[in-house]
Amino acid sequence: MSIDDLLGAAAYGGSGWRPRNQPLRNELGTIWQACGISNEWSPLRSVLLHRPGSEMETDGDPDQIQMLDRIDLALAQQQHDQIAQAYRGAGVQVHYVDPVSIPPPNMMYVADLMLSTPEGVVLGRPASQVRAGEERFVAQRLAQLEIPLLKYIRGY
């Protein structure tokens, strides 16, 4: 294949090239999941949660996990299960972030990590070292759910 043939190939913008000429919002519900919010009063359709687990256990000092007091894990799990059931009872689809490794201890605060927009999610980067890495678990789950990740906050 000559360089002229190569440069004329669709992969390099040749005659078979088909540009995307629709904005992202037109791909929601087809290529991407229908998602996004444009206000705070429309009914909630889906939510992303993490059930507290062994990451919440500490040898006693709640400062290790940036909590005000020791965590009663059984109670936290019970309360989590109740709110998840309340969401389901209201017709809200509940999705979970379930990392294969032990996540940072504040993973149950998933809502802190993202901002939903009409076209997808802006993913935050927690300022606390204790929360470092939470965003990668959320990013992975959002990608699995086919939710567009529009921006990543990456400063410090």
Side-chain angles (χ1 to χ4, degrees), residues 11 18-156:
R18 292 188 336 251
R20 286 171 99 167
N21 55 12
Q22 297 289 319
L24 176 61
R25 70 180 161 271
N26 290 3
E27 295 178 349
L28 298 178
T30 58
I31 295 172
W32 297 96
Q33 281 295 328
C35 66
I37 59 171
S38 59
N39 60 59
E40 294 189 15
W41 57 85
S42 292
L44 185 63
R45 296 185 314 240
S46 66
V47 66
L48 186 60
L49 302 175
H50 172 74
R51 187 175 192 266
S54 63
E55 72 273 6
M56 300 297 298
E57 296 172 346
T58 178
D59 289 336
D61 183 4
D63 278 343
Q64 289 178 0
I65 59 172
Q66 294 182 342
M67 296 290 171
L68 295 175
D69 202 351
R70 292 187 63 147
I71 299 297
D72 180 337
L73 181 57
L75 179 60
Q77 290 175 332
Q78 177 188 16
Q79 291 172 341
H80 170 87
D81 294 344
Q82 289 170 343
I83 197 165
Q85 188 54 43
Y87 280 133
R88 288 185 196 97
V92 176
Q93 191 172 20
V94 176
H95 303 282
Y96 280 93
V97 178
D98 288 321
V100 293
S101 59
I102 296 175
N106 291 318
M107 190 77 225
M108 69 178 175
Y109 302 114
V110 173
D112 292 354
L113 297 168
M114 61 189 146
L115 170 71
S116 293
T117 76
E119 294 185 358
V121 171
V122 175
L123 190 62
R125 181 177 181 258
S128 167
Q129 184 63 39
V130 170
R131 298 194 70 182
E134 290 178 25
E135 64 274 22
R136 65 192 165 129
F137 297 120
V138 171
Q140 181 180 29
R141 185 63 177 128
L142 290 170
Q144 290 168 342
L145 293 169
E146 300 176 347
I147 305 295
L149 296 171
L150 304 176
K151 299 250 184 220
Y152 292 88
I153 306 300
R154 54 187 192 84
Y156 59 92

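Just so you know, residue 1 is the first one in the sequence shown, and it goes up from there. Because the structure is predicted, anything quoted here is derived from the model rather than measured.
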Sequence neighbours excluded - salt bridge (Lys or Arg N to Asp or Glu O under 4.0 Å) pairs with any residue from residues 129-138 =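 Residue pairs with at least one partner in residues 129-138: Asp112-Arg131, Arg131-Glu134.
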Pairwise distance [atom1]([X]) to [atom2]([Y]) - rounded to 0.5 angstrom:
| X | Y | atom1 | atom2 | answer |
| --- | --- | --- | --- | --- |
| Gln78 | Asp72 | CD | CG | 9.0 Å |
| Leu44 | Gln93 | CG | CD | 10.5 Å |
| Glu146 | Leu28 | CD | CG | 11.5 Å |
| Thr117 | Leu150 | OG1 | CG | 4.5 Å |
| Ile83 | Arg51 | CD1 | CZ | 14.0 Å |
| Met108 | Leu49 | CE | CG | 12.0 Å |

Verdict with reasoning, His95 to Gln144, per side chain to side chain contact (heavy atoms under 4.5 Å, CB included) | CA-CA 11 Å; His95 303 282; Gln144 290 168 342; over 6 Å; no
Taking it one step at a time, do Ser42 and Ile37 satisfy side chain to side chain contact (heavy atoms under 4.5 Å, CB included)?
-> CA-CA 8 Å; Ser42 292; Ile37 59 171; over 6 Å; no
Would you say [X] has more than 12 foreign heavy atoms packed within less than 6.0 Å of its [atom1]?
| X | atom1 | result |
| --- | --- | --- |
| Ile102 | CD1 | no |
| Leu68 | CG | no |
| Gln82 | CD | yes |

Do [X] and [Y] have side chains that get closer than 4.5 Å, going by heavy atoms?
| X | Y | answer |
| --- | --- | --- |
| Phe137 | Val110 | no |
| His50 | Glu55 | yes |
| Val94 | Gln85 | no |
| Leu113 | Met107 | yes |
| Pro62 | Ile71 | no |
| Leu48 | Met114 | yes |
| Cys35 | Val121 | no |

Looking at residues at least two apart in the chain, or sitting in another chain, which of them share a salt bridge (charged side-chain N to carboxylate O under 4.0 Å, His left out) with Asp98?
->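 Asp98 satisfies salt bridge (charged side-chain N to carboxylate O under 4.0 Å, His left out) with no other residue.
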Work out which heavy atom in [X] is nearest to a heavy atom in [Y]; give both atom names and the distance.
| X | Y | result |
| --- | --- | --- |
| Gln33 | Leu145 | CG-O, 2.9 Å |
| Trp41 | Asn39 | N-OD1, 3.1 Å |
| Arg125 | Ile153 | CB-O, 3.1 Å |
| Ser46 | Val92 | CA-CG1, 3.7 Å |
| Arg141 | Tyr96 | NE-O, 2.7 Å |
| Pro148 | Leu24 | CB-CD2, 4.0 Å |

Donor-acceptor contact below 3.5 Å, side chain Gln77 vs main chain Pro52 =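 The answer is yes, because a donor-acceptor pair under 3.5 Å joins these two groups.
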